[in-house]
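Taking it in order: structure first as structure tokens, then the write-up.
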Amino acid sequence: MNVLLVLPLVLPLTTAALSLLAWRWLVLQRVMGVAGTAALFGSGVALLAFVWTNGICATQIGSWPAPFGITIVADLFSAMMVVLAGLIGLAVAVYSQASMDSPRESFGYYPLLHTLLMGVCGAFLTGDLFNLYVWFEVMLMASFVLLTLGGEPDQLRGAIKYVTLNLLASAIFLAAVGILYGVAGTLNMADLAHKLNGVAQGGTLTVLAMLFLIAFGIKAAVFPLFFWLPASYHTPPVAVSAVFAGLLTKVGVYALVRVFTLLFVQDAGYTHTLILVVAGLTMVTGVLGAAAQHDFRRILSFHIISQIGYMIMGLGLAGLTGSGELATLALAGSVFYIAHHIIVKTNLFLLCGVTRQLCGSFELKDMGGLYRDRPVIAMLFLIPALSLAGMPPLSGFFAKLSLVQAGLGMGQYAIVAAALVVGLLTLFSMSKIWAEVFWKPLPAGTDGDGKLPKLTSPQSSSLLLPIVLLAGLTVGIGLAAEPVFALATRAADQLIDRQQYIQAVLGET
Amino acid sequence: MSAFLWNLAMAVAWAVATGTFTLANLAVGFGLSFLILLFAQPFLGGSGYFAKVPQVIRFAMFYLWQLILSNFRVAYDVVTLTHHMRPGVIAVPLDAQTDAEITLLANLITLTPGTLSLDLSPDRRVLYVHVMYIDNGDVEEARRQIKAGIERRVLEVLR
Amino acid sequence: MATVLAIVIGCLYAAGIYMMLRRSLFKLILGLVLLSHGANLLIFTAAGLTRAQPPIIPPGATVPMVPAADPLPQALILTAIVIGFSVLAFALVLFHRTHQTIGSDDPDELKVSDQ
Amino acid sequence: MGLLAAVLSGFALALFAPGLYRVARGQTGWLLALLPLGLACYFVSQASAIASGATINAHFAWVPALGVNLSFCLDGLSLLFALLITGIGTLVFVYAGGYLAGQPRLGRLYTFLLVFMASMLGLVLADNLLALFVFWELTSVSSYLLIGFDHERERARAAALQALLVTGGGGLALLAGLLLLGQAGGSWELSTLADNGGLGAHPLYVPCLVLVLLGAFTKSAQLPFHFWLPSAMEAPTPVSAYLHSATMVKAGVYLLARLSPVLGGTNLWFFAVSGVGATTMLIGACLALKQTDLKRLLAYSTVSTLGMLTLLLGLGGRLAVYSAMAYLLVHALYKGALFLVAGALDHATGTRDAERLGGLGRAMPVTGLAAGLAALSMAGLPPFFGFSAKELCYAATQIAPAAAWLTALTVLANALLVAVAVLVGLRPFFGKSHATPRRAHEVPPSLWLGALTLAVLGLVFGVRPALGPDLLVGAASTSVLGQSAEMRLALWHGLTPELALTGITLVGGFGAYRSRKLLREAASRWNVVSGWGPAGWYELLLRGLNGLALGQTHLLQSGYLRYYLLIILATTLGLAGAAFARSGDWVASADWSNLHFYEAGLAALIVMAAAVALLVRSRLAAIAALGVVGYGVALVFVVFGAPDVAMTQFLVETLTVILFVLVFYYLPETTVVSGVLARARDAVVAAAVGVLMTALVLIASSVQYSPSISTYYSEQSLPAAHGRNVVNVILVDFRALDTLGEITVLAIAGIGVYALLKLRPAKNGDRDSSVADALGTRSNKNAGPDVQFFQADSTVEAPK
Amino acid sequence: MILGGVTLLEGAAALAMAMTGLSMFFTLWRLYRGPSLPDRVVALDLIGTMAVGIIAAYDVLTEQPILLDAATVAALVAFLGTVAFARYVERRGIE
Amino acid sequence: MTSLILRTVTRFMLPLLLLFSLLLLLRGHNEPGGGFSGGLVAASAFVLYGLAYGVAAVRRALPVQMWTLTGLGLLVAVVSGVLSLLAGFPFMTGMWLPLPGFNHLMMGTPFVFDVGVYLVVVGVTLAIIFPLTEE
Amino acid sequence: MSDLLSAALLVIGGIFMLLAGVGVLRMPDLFMRMQAATKAATLGAGCMLLAVAVHFGELTVVTRALLVTAFVFMTAPVAAHMIARAAYSVGTPLWEGTIADELQSARAPDTQEN
Ligand code: NA
Ligand code: NA
């Protein structure tokens with residue numbers, strides 16, 4: 001257990017350090033890139049299996065008992081997130097073999113990827129609020145560098161906004177942590193939950209909750225704090241966009257879920273209603289933003305925002321109910337949605353990169369002809385695209401279904417209506433891409449005779465392997481939704497039953 | 001120099017032996033060992049160390065006096081309303097040759113209120129000094145004061 | 001004392017924010033630095049100030065002299081300072097390169113990437 | 001098991017269709033038709049059992065936690081639909097092979113057709129509400145892909161999108177409706193819901209009904225959602241025949257029939273369903289006559305007929321339901337046939353303009369025969385099946401509330417449809433021949449087989465209802481009604497009012513046919529109005545959506561960093577302020593006592609240095625002032641017993657200043673100054689943030705919910721961690737993980753700075769060229785002005 | 001406010017701190033006014049040196065010799081910053 | 001041409017500062033200091049040397065690559081934590097050995113960790129500042 | 001006795017500091033500001049550090065205090081020299097009362113080249 005819990009931190013960091021030492025040996029870095037992420041994925045799966053059988057488990061770093069040391073703790077939710085991080089890391093590492101240019105590779109791409117994953121996993125696993133800040137910064141710093149790696153003008157333009165707004169979020173987060181320590185005298189989240197239990201509703205804690213909502217809301221890109229995302233996600237190489245799209249905002253969502261199920265539940269009538277309002281507005285503004293775009297990656301970027309709305313919708317619903325079947329259903333919906341979304345969104349970005357290689361552009365108007373000439377890629381696109389829009393029987397349908405069921409069950413009709421309408425608009429958006437990129441003939445004059453270039457064999461296998469894998473998962477999660485949903489349900493149960501978490505971290509209290 | 005190190009080491013040994021690490025005790029140890037070394041000089045072979053000590057002390061007194069004097073002069077100008085300064089940049093031809101000599105000289109000049117080492121000529125022969133009080137506007141006199149005063153004494157100590 | 005420091009913190013935040021809103025990348029980053037100073041002082045102050053000995057155990061003792069300052073916020077601030085420095089170093093160079101590339105210090109010139 | 005296999009076999013086969021097509025080429029259609037044929041045989045074999053009141057059930061758990069299960073139930077209603085789907089499916093597969101022979105992407109068409117067929121089967125067999133929805137959505141998607149088969153044409157893509165959005169939108173309403181239904185009825189199984197009886201009194205009834213109806217009406221092209229169906233005629237004809245006349249568009253009708261025991265029987269049901277149905281029936285028929293394109297004629301007539309079916313289901317009762325089932329069957333037969341004929345005509349002549357076709361009977365005798373039979377059935381001439389079904393309809397309308405009005409409307413609509421039947425089924429084969437783009441010729445058997453089969457069945461079923469329709473219609477209406485309708489199909493019921501109405505219909509129909517040009521002219525004057533019809537609304541909605549999206553994006557994602565910051569800060573202030581405002585239990589005490597002069601001085605120094613940094617013009621002066629702020633903060637740390645922090649702060653501050661100097665030392669100082677108002681606004685926001693932070697710090701230093709954990713560190717530092725500097729022990733032992741993360745951040749920042757400075761894109765590389773090209777050369781040549789900071793000239797050597 | 005201390009030494013230390021602090025404000029004014037960049041660099045350097053002095057006086061005032069390390073570092077970095085700034089002035093010129 | 005005075009003083013101060021940085025590192029566990037401030041002082045020393053003699057001179061004098069230093073530091077830090085894992089304790093549990101010959105002086109993995117911090121700080125600070133000066 | 005000595009050193013140091021502050025405020029040109037300020041401040045800091053050494057008297061503290069003092073005295077003139085040199089080379093104006101500038105005349109020929 002001690003080993004399993006820290007492997008998701010130790011493995012990427014070791015790989016990153018070794019990659020730094022192998023600064024000049026690119027081949028070695030590439031091999032370690034795939035091997036390291038594969039090992040991370042494997043360790044994540046082992047952790048998930050362990051938590052599934054043994055319940056929430058924790059290890060006290062440095063053997064210092066909680067709440068004095070830092071606790072690394074995995075419940076099903078965080079273990080699942082680690083698995084997904086490993087999966088996305090692996091997919092992107094394989095994809096990068098063919099898609100990443102060697103100048104970027106030789107300026108630290110692989111160490112950066114590993115440290116990014118380390119930050120992400122750390123954020124998922126830590127049981128300490130300040131330590132969470134540290135992992136956020138690890139992730140953020142790695143993302144800054146990955147975003148700017150290459151230094152193209154658009155990358156720099158986007159990065160300024162990305163960096164500034166995220167630093168503002170960090171500053172707010174740090175201030176909130178400082179004040180929380182000031183009033184509660186501890187940083188361990190389980191200990192905080194334990195100590196804040198008896199604290200009166202509202203007041204100072206609600207103000208603090210708002211600060212955390214803002215700080216994590218910026219990271220999660222919710223309305224009206226999402227500006228950094230559409231400003232930057234379309235600028236780096238596709239592999240980078242893909243890993244960002246899959247993981248970064250989800251860490252913000254994870255943090256929101258964590259603190260708003262564990263710490264800030266005293267004033268749920270206020271805070272969680274607010275979350276629900278934010279969820280609805282996020283869905284709508286995100287999807288409308290996508291509708292205004294004509295660039296493949298920008299459309300996908302705005303859809304991330306829209307989807308974040310769904311993820312926190314379950315959180316808001318669950319908080320309003322407190323406990324019981326509907327709360328579990330709502331939160332399970334969020335968990336399921338996150339898992340589904342990470343796989344699907346990453347895949348869409350990866351596909352977007354392939355279409356870019358074939359058509360030579362990200363602009364819809366300059367693309368086309370892929371359905372006629374590359375039916376396999378077209379079908380591979382259709383799977384995540386339809387899943388994103390919530391079409392049955394793919395993963396997205398069940399994710400949306402559970403949220404809508406919970407919402408209707410609680411009589412929260414407005415948010416359900418928003419969720420359904422936004423689903424339709426997402427479908428509209430995906431069909432726009434489908435019609436323009438796949439159905440429409442390739443515009444003449446772009447690449448001469450309107451013929452698409454060929455991918456070389458090793459190139460195409462490294463590009464398509466992760467796509468096929470992720471598409472298979474999307475279908476698989478849909479067809480075998482029951483086990484995944486059972487996982488989500490148990491994860492939600494653990495989140496709602498705070499005592500389990502507190503007990504696992506603090507021991508007998 | 002080794003004699004000085006010996007002296008120092010013996011002072012520390014004294015402190016260890018007596019078991020009290022205070023400034024006063026160290027000073028006592030230093031003084032005692034200086035005397036021992038001074039008397040042991042014929043047995044150990046000659047060293048410039050003992051000749052240097054009075055020079056160093058004399059230089060320190062001189063420099064301290066300069067420091068106090070010029071400080072009062074500058075302080076007077078700082079706190080009074082009227083300016084009595086007659087500033088100027090003068091070139092001081094150097095007798096000092098090694099890096100250490102030049103650096104020490106320049107730093108000591110700078111450290112004294114009223115004079116400031118501005119620049120060294122590329123051939124290291126001339127040090128340009130900003131002087132705050134050129135008495136009676138006599139540049140040559142100011143130059144002489146520096147050469148005869150501080151430079152001579154520094155070189156005395158170092159050579 | 002906490003009151004005075006609280007006001008200082010407020011001033012640092014206000015100054016930082018005001019500078020970030022100016023039309024200059026340079027001032028933007030200056031504002032970020034002020035903000036991180038504010039955050040560090042905030043952690044220090046919010047945890048409860050004590051005009052006390054450093055939390056260092058003197059020779060012969062087994063615990064620090066009483067009263068000693070709370071060591072935990074100090075450790076947190078140290079971490080935050082280092083992280084802030086890393087971020088700042090990167091951001092500075094990023095702004096520098098952007099300035100070189102765009103040829104302007106005005107953040108309004110960065111619009112293009114959004115539209 | 002049989003039902004599951006029946007549904008899944010289509011999906012499974014779909015995967016292999018393209019591969020099969022590569023092998024079997026022209027024979028693929030025949031081969032694939034074996035699957036629906038086999039399934040049809042299977043359903044036929046179950047028919048007698050079903051008719052005797054039995055059902056076949058199958059249940060497979062899928063996602064029980066969400067109520068989604070693959071439970072199937074084959075009853076009379078499902079059987080009727082399943083036979084239509086598989087039977088007509090068989091003919092369509094054969095037809096498609098001939099119609100699209102040589103088309104390179106025919107394999108994919110087969111795939112989508114198979115997916116559609118399987119989904120449609122699943123839809124009508126599903127007993128689980130959510131499984132039904134799953135298949136419902138799958139039909140929408142496969143319909144989208146099929147309508148867009150000719151995807152290189154803009155119009156085909158637009159039509160596909162339209163169909164997808166309209167039916168998809170309805171689908172989402174349906175989802176909500178079904179979920180409410182399940183919630184209200186306490187079960188996800190249709191059979192259980194039906195057993196539990198009507199929900200008319202349930203508080204959720206109204207929203208539930210409205211949402212379900214939205215789903216049904218969009219799918220079945222009821223007004224005002226009908227417009228997607230004519231547009232969908234962009235699909236290849238086999239698709240139109242299969243999806244858009246015989247099966248998919250009837251899914252809505254199926255749903256109404258299926259749910260009428262649960263949701264029917266109320267006034268709302270009656271008014272909503274039959275009202276919409278009647279309107280659709282009439283308007284559809286009117287619009288049909290306006291058309292000259294064969295397929296659009298048929299499409300509008302389908303809209304009209306779907307309206308009539310809806311009307312009948314809205315009326316409810318034994319007769320209405322029975323007649324609806326009968327008419328549903330007969331419509332599938334004749335409309336399917338006519339679509340296939342229209343396709344054959346198009347194939348043979350190269351045009352689908354009804355007015356440009358004529359006298360083809362000699363060139364295309366078999367097709368003509370099929371067309372004639374189907375048209376007569378459609379017109380309702382005895383002894384065709386159409387006649388008996390229409391009689392039943394008239395009988396049903398006459399006993400409905402507002403019988404006179406409804407009957408008149410039905411007769412009027414039917415008369416117009418008679419005209420359509422003549423126009424489509426008879427006129428092209430009689431009279432003068434016209435010049436056509438292609439020289440007319442008889443089509444191959446694959447193209448007439450389907451039409452002829454369906455048309456002949458229309459005649460046979462009319463004459464001998466016992467051969468099938470009797471049983472099917474009876475069983476279907478039994479499942480809808482929950483009891484037997486106790487009726488039989490018959491050609492002759494005596495001299496009834498219905499017979500008279502049929503006569504009127506026929507006469508009126510021929511009149512309308514004769515005067516169709518006049519009618520069209522009259523209708524064209526209407527265009528002003530109909531231009532604003534639902535299709536226009538759709539366009540308007542899309543344009544409005546686009547405008548809204550652009551406007552919103554322009555407003556929010558403006559590209560101006562300072563607006564982003566302002567919005568985020570305003571949100572922070574708003575949320576925190578609101579939280580402050582709604583509860584007054586927070587304490588913040590300002591404590592001025594016990595303040596040392598040097599502390600006050602330090603505070604003043606920091607604030608003033610910050611003010612200098614803010615106010616001073618020169619950039620370097622601001623940097624120096626920033627350094628002073630840092631030193632001041634470090635002194636605060638000194639004063640409050642934090643030497644470690646102070647040391648680090650001094651070091652970091654100086655390095656920061658050096659970095660600032662290095663970065664900004666040659667940049668020109670051209671700063672744009674905002675206007676007075678903007679500055680005032682920014683100042684207000686900044687001040688508010690400052691006040692907020694001050695308040696928070698004051699609260700934090702006066703509120704203490706629980707004692708701090710930090711005494712532990714002081715006590716354990718020496719004995720357990722062997723260190724006297726507690727802060728350092730925390731950093732490298734108690735909370736070493738923080739430090740591990742921290743040095744990782746530092747290392748990444750190092751890479752970042754290095755890469756930013758050393759890795760640059762080629763200057764002239766345009767943005768669109770591939771990254772590898774743009775970054776192909778590692779160049780330091782483009783690095784700004786060539787200034788060396790440390791070393792003005794490199795003549796100085798390092799010392800030995 | 002508590003001004004000064006009880007003993008002579010405390011009084012002297014407090015006085016020294018007060019005087020140093022006051023001159024820090026004067027220096028800050030010079031930093032603000034300039035007029036030339038070197039003036040500002042001088043001001044920054046001075047503030048560093050004054051910080052060393054303040055720490056030393058505070059050491060005596062509060063009997064905390066351990067703070068000397070902070071003074072050492074302050075002295076080091078004040079020097080480093082000034083040298084860096086001076087190198088900058090040489091390259092960039094006067095403002 | 002940099003100032004002779006600066007160069008002379010720098011040459012004198014470099015070893016002193018490096019010594020000071022090691023002192024900070026070594027005694028950090030018991031008195032103010034530690035890997036981070038120690039590393040920064042060491043880096044400052046090199047920066048000062050760079051200011052006086054030019055970056056190229058520092059590069060010539062420092063035999064290791066910045067990335068090697070950084071990677072090595074990270075690796076040392078991780079390994080110091082993993083050691084306890086191998087012994088069956090949680091990650092980063094301090095493991096102490098008495099230093100033979102010294103009373104009360106212990107050598108432990110937290111110290112090794114601090115050495116890792118020191119290496120990373122030196123490597124990164126130089127990796128940040130030197131390329132910037134070569135702009 | 002040592003208390004008296006360190007108190008005196010502290011006050012003297014404070015006076016030096018104050019002189020530095022007033023000097024940097026009042027002197028008419030950069031070079032004289034430096035003359036007045038940096039040295040006074042260095043001496044002031046030195047006095048205060050000596051006061052620490054005298055006050056505590058323990059070896060560790062004394063050596064440390066003396067080392068810092070030495071460090072300050074070693075670096076401060078270098079820093080002052082660096083600024084002055086840089087300031088002069090970029091043409092920072094001298095006070096109008098300046099009576100001689102021999103560096104200017106020495107440099108005259110090569111300033112033409114630049
Ligand atoms: Na930060
Ligand atoms: Na507090």
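By convention in this document, chain letters (A, B, ...) are assigned in the order of the sequence lines, proteins followed by strands, and residues within each chain are numbered from 1.
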Approximate separation, where rounding is to 0.5 Å, of [X] [atom1] and [Y] [atom2]:
X: D:L556; Y: A:T285; atom1: CG; atom2: OG1; answer: 6.5 Å
X: D:L575; Y: A:L213; atom1: CG; atom2: CG; answer: 6.5 Å
X: D:L211; Y: A:L408; atom1: CG; atom2: CG; answer: 8.5 Å
X: D:S708; Y: A:Y181; atom1: OG; atom2: OH; answer: 3.0 Å
X: A:L427; Y: D:L164; atom1: CG; atom2: CG; answer: 4.5 Å
X: D:L565; Y: A:L168; atom1: CG; atom2: CG; answer: 6.0 Å

Please determine if D:R582 forms a cation-pi arrangement with A:Y270, meaning its NZ or CZ atom is less than 6.0 Å from the six-membered ring centre and no more than 45° off the ring axis.
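Cation-pi check for D:R582 and A:Y270: passes.
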Here's one to test your reading of the geometry: is the NZ or CZ of D:R105 within 45 degrees of the ring axis of A:Y371 and under 6.0 Å from its centre?
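The answer is no; the distance or angle limit is not met.
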Over 60° means perpendicular and under 30° means parallel, so classify the ring planes of A:F398 and D:W62, tilted if in between.
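D:W62 vs A:F398 ring planes: perpendicular.
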Which class fits the ring pair D:Y713 and A:F68: parallel under 30°, tilted 30 to 60°, perpendicular over 60°?
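If you compare the ring of D:Y713 with that of A:F68, the planes turn out perpendicular.
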Checking A:M139 against chain D: side chain, backbone, both or neither under 4.5 Å from a heavy atom?
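Neither part; nothing is under 4.5 Å.
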[X] versus chain A, the contacting section by heavy-atom distance below 4.5 Å:
X: D:L569; result: side chain
X: D:R108; result: side chain
X: D:V134; result: both
X: D:D733; result: both
X: D:P207; result: neither
X: D:Q552; result: side chain
X: D:I730; result: neither
X: D:A721; result: both
X: D:L161; result: side chain
X: D:T744; result: side chain

Residue pair [X] / [Y]: nearest heavy atoms and the distance that separates them:
X: A:W439; Y: D:R157; result: CB-CD, 3.6 Å
X: A:N131; Y: D:D738; result: ND2-OD1, 2.6 Å
X: D:L138; Y: A:P392; result: CD2-O, 3.7 Å
X: D:Q557; Y: A:F227; result: NE2-O, 2.8 Å
X: D:L179; Y: A:Q405; result: CD2-CG, 3.4 Å
X: D:A579; Y: A:T206; result: CB-CG2, 3.9 Å

Looking only at heavy atoms and a cut-off of under 4.5 Å, which of [options] has the most pairs with chain D?
options: A:P224, A:A291, A:G369, A:G62; value: A:P224
options: A:T126, A:T115, A:N188, A:I61; value: A:T115
options: A:G69, A:P441, A:G108, A:G178; value: A:P441

Taking [options] one by one, which has the highest count of heavy-atom pairs under 4.5 Å against chain A?
options: D:L165, D:V753, D:L548; result: D:L165
options: D:A747, D:A720, D:A736; result: D:A720
options: D:L66, D:L696, D:L550; result: D:L66

Name the one of A:L9, A:I70, A:L13 that satisfies side chain to side chain contact (heavy atoms under 4.5 Å, CB included) with D:L740?
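Of all the options given, the one that passes is A:L13.
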For side-chain contact (heavy atoms from CB on, under 4.5 Å), just list the numbers for D:I709 and A:D191, CA-CA rounded to whole Å, side-chain angles, deciding distance to a tenth of an Å, and then say yes or no.
CA-CA 10 Å; D:I709 54 172; A:D191 198 33; 4.2 Å; yes
Sidechain-backbone polar pair: A:E152 side chain, D:P761 backbone, donor-acceptor under 3.5 Å:
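Between the backbone of D:P761 and the side chain of A:E152 there is no qualifying donor-acceptor contact (under 3.5 Å).
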Given side-chain contact (heavy atoms from CB on, under 4.5 Å), test D:T571 with A:I214 step by step and report yes or no.
CA-CA 8 Å; D:T571 311; A:I214 296 280; 3.9 Å; yes
